[in-house]
Asks: 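Here it is: the structure, laid out below.
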Amino acid sequence: MSGPIDKSLRERAARVIPGGMYGHQSAASLPANYPQFFARAEGPWLWDVDGNRYLDFMCAYGPQLFGYAHPGIDAAYADQMRVGDAMTGPSALMVELAEAFTGMVSHATWAMFCKNGSDATTIALMAARAQTKRSAIVRATGAYHGAQPWSNPRPAGTSPGDRAGQHFCTYNDIASLEEAVGAAGDDLAAIFVSPFRHDTFQDQFLPTREFAQRCRDLANKTGALLIVDDVRGGFRVSRDCSWSIVGVEPDMSCWGKTIANGHPISAVLGSERARPGASSIFTTGSYWFAAAAMAASLATLKLIRETDYLERLNAMGDQLRAGLDERAKAHSFSIRQTGPSPMPQILFDDDPDYRVGYGWCSEMLKRGVYTHPWHNMFLSAAMTETEIAFALSAAEESFKALRASVNTLQPHAMFAKK
Ligand SMILES: *Cc1c(COP(=O)(O)O)cnc(C)c1O
């Protein structure tokens, strides 16, 4: 709960940080009792600066696949820090990590490393343009591919030129895909897709085989490259590229978030077809070759290969979903839980301005569970049945409290009619 320390930090931040906070880390778009600042995190738990503890279903907006402060992964990071991190050139770990990724992700025969997911999507875009000597792209309306000028979801600070040549389709809608590809004509460099629809404010759904295959066929036919942006879904859907579930291999895939359990590293993986473009571009960053995050990533990939984390995430996600459905019904709420079980999106029926969703999250927070009213959530492998039971008992109480107060709820400022 936002307490006195949080409040005072917000006041100080308002003076020295533009807008008080920026991007998705701003708590301004969340229910009023949500804290802005956190003090520490361990396993599935997160503590705010006022000492309140939460079971965290955001997992740092994705990265925490094995839970916060994972001893094995963090030891790999710390050990490498003592040996050498950001040096004048890369360490041997870079080759080892590229070998590990290409051994795990079927479509990939090469890897490039960077820091943020936005770096990875931008490198993939450049590599596709370099290879095809074309510039247009096709992407789905509402899909997030990062916060660079070309991909930023808001127009502020970008120019129309930054977004020139972007043609939009509707996810899973083959006719709209064909139309967008047609509009790009002989300038099409890439088809960009998220592995499933995980847009904010919306129900999530998986790709159809037909849509994925049509993306593949159209890329082949036009000479464009097919890019799957697995920055968010990567390793919570599959131990391979997420489109392995529909049997379609992209030319490149973008990775970040989970791949080092919170340590800063992202990646572009590609096939032989995409190698020439990737080999020809100039791309770099001061910290991209740092060895410690690579050591953390190697430790994370090993856990992905050798543990049953994915099966456990699915089992716990299913348990959470069934338990929430039951409790919502018991209190006469109708909720939609969509997406892969390890990445739930929970939206309320008949809630056009999301006020019921905000109300429920606010009640959950009071009971020590951090959920989100319109962004998909994440389970981590640090959660056990004990934590799921904790979440469900908080949910029971939250639905009950919400039932009592639902008629007095007001829309969040973000949705209040002007
Ligand atoms: C988070 C995200 C990005 C951008 O990653 P950053 O590390 O925030 O730059 C790109 N694509 C998707 C699908 C994401 O979820």
Side-chain angles (χ1 to χ4, degrees), residues 21-26 29 57-65 105 112-128 137-154 157-158 162-163 166 168-169 171-172 190-202 204-207 212 215 226-238 241-243 245 250 252-269 283 285-288 290 293 296-297 300 339-340 342-345 372 374-380:
M21 194 52 57
Y22 39 85
H24 71 294
Q25 298 291 5
S26 169
S29 60
F57 281 102
M58 289 314 287
C59 293
Y61 280 81
Q64 296 296 333
L65 182 61
V105 175
M112 293 169 81
F113 301 106
C114 33
K115 283 292 153 193
N116 275 288
S118 295
D119 298 336
T121 55
T122 302
I123 288 172
L125 173 64
M126 285 175 69
I137 63 169
V138 165
R139 50 186 289 206
T141 315
Y144 185 68
H145 295 300
Q148 291 296 310
W150 72 270
S151 57
N152 201 296
R154 308 252 179 91
T158 71
D162 293 328
R163 294 145 189 279
Q166 298 197 12
F168 288 85
C169 69
Y171 201 89
N172 263 355
I191 300 174
F192 246 96
V193 279
S194 50
F196 61 94
R197 196 180 78 160
H198 50 40
D199 305 354
T200 49
F201 302 103
Q202 309 282 329
Q204 304 187 108
F205 49 77
L206 294 175
C215 287
L226 175 59
I227 302 166
V228 168
D229 178 0
D230 234 342
V231 172
R232 191 181 313 179
F235 295 137
R236 273 196 179 82
V237 173
S238 167
C241 172
S242 295
W243 266 21
I245 62 169
M252 285 184 270
S253 53
C254 306
W255 301 73
K257 298 196 169 123
T258 55
I259 68 170
N261 206 52
H263 293 290
I265 184 165
S266 59
V268 184
L269 307 182
T283 185
S286 299
Y287 311 107
W288 287 11
S297 186
T300 305
M343 295 175 65
Q345 172 83 307
H372 202 292
W374 45 261
H375 191 292
N376 74 271
M377 294 177 259
F378 304 88
L379 271 67
S380 87

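In what follows, residues are counted from 1 in the order of the sequence shown. Atoms within each ligand, like the ligands themselves, are counted from 1 in listed order.
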Asks: Parallel, tilted or perpendicular, judged at 30° and 60°: which one describes the rings of H375 and F378?
Replies: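 It falls in the tilted class, 30° to 60°.
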
Asks: Under 30°, 30 to 60°, or over 60°: which ring-plane class applies to F192 and W150, parallel, tilted or perpendicular?
Replies: tilted

Asks: Looking at F205, I'd like to know if its CZ atom is crowded, meaning that more than 12 non-hydrogen atoms belonging to other residues, nucleotides or ligands lie closer than 6.0 Å.
Replies: yes

Asks: Taking atom CZ as the centre, does F201 end up with more than 12 heavy-atom neighbours from other residues, nucleotides or ligands that are less than 6.0 angstrom away?
Replies: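 Counting other residues, nucleotides and ligands, CZ of F201 exceeds 12 neighbours.
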
Asks: Tell me the nearest of P195, S118, P63 to atom 4 (C) of ligand 1, using heavy-atom distances.
Replies: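 Result: the heavy atom closest to atom 4 (C) of ligand 1 is in S118.
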
Asks: Short N/O distance, under 3.5 Å, between T121 and ligand 1?
Replies: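 No; every N/O pair is 3.5 Å or more apart.
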
Asks: Which residue and atom name correspond to the protein heavy atom nearest atom 7 (O) of ligand 1, and how close is it?
Replies: G117 N, 2.7 Å

Asks: Any nitrogen or oxygen of D229 lying under 3.5 Å from a nitrogen or oxygen in ligand 1? Just yes or no.
Replies: yes

Asks: Do R163 and T158 get their side chains close enough for a donor-acceptor pair, meaning under 3.5 Å?
Replies: yes

Asks: Once you restrict to heavy atoms under 4.0 Å, what part of Y144 touches ligand 1? Side chain, backbone, both or neither.
Replies: both

Asks: Distance-only, no hydrogens or angles: does the D230 side chain make a donor-acceptor pair with backbone N or O of S242 under 3.5 Å?
Replies: yes

Asks: Looking only at protein heavy atoms, identify the closest one to atom 15 (O) of ligand 1 and say how far it is in Å.
Replies: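 That would be K257 NZ, 2.7 Å.
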
Asks: Is the closest heavy atom of H24 to ligand 1 under 4.0 Å?
Replies: no

Asks: Under 4.0 Å from a heavy atom of H145: give me the atoms of ligand 1 that qualify, with their elements.
Replies: 10 (C), 11 (N)

Asks: Can you confirm, on distance only, whether ligand 1 has an N/O atom lying under 3.5 Å from any N/O atom belonging to D119?
Replies: no

Asks: Any idea which protein heavy atom is nearest atom 8 (O) of ligand 1, and the distance to it?
Replies: N116 OD1, 4.5 Å

Asks: Do you see a donor-acceptor pair shorter than 3.5 Å between the side chains of H198 and N376?
Replies: no

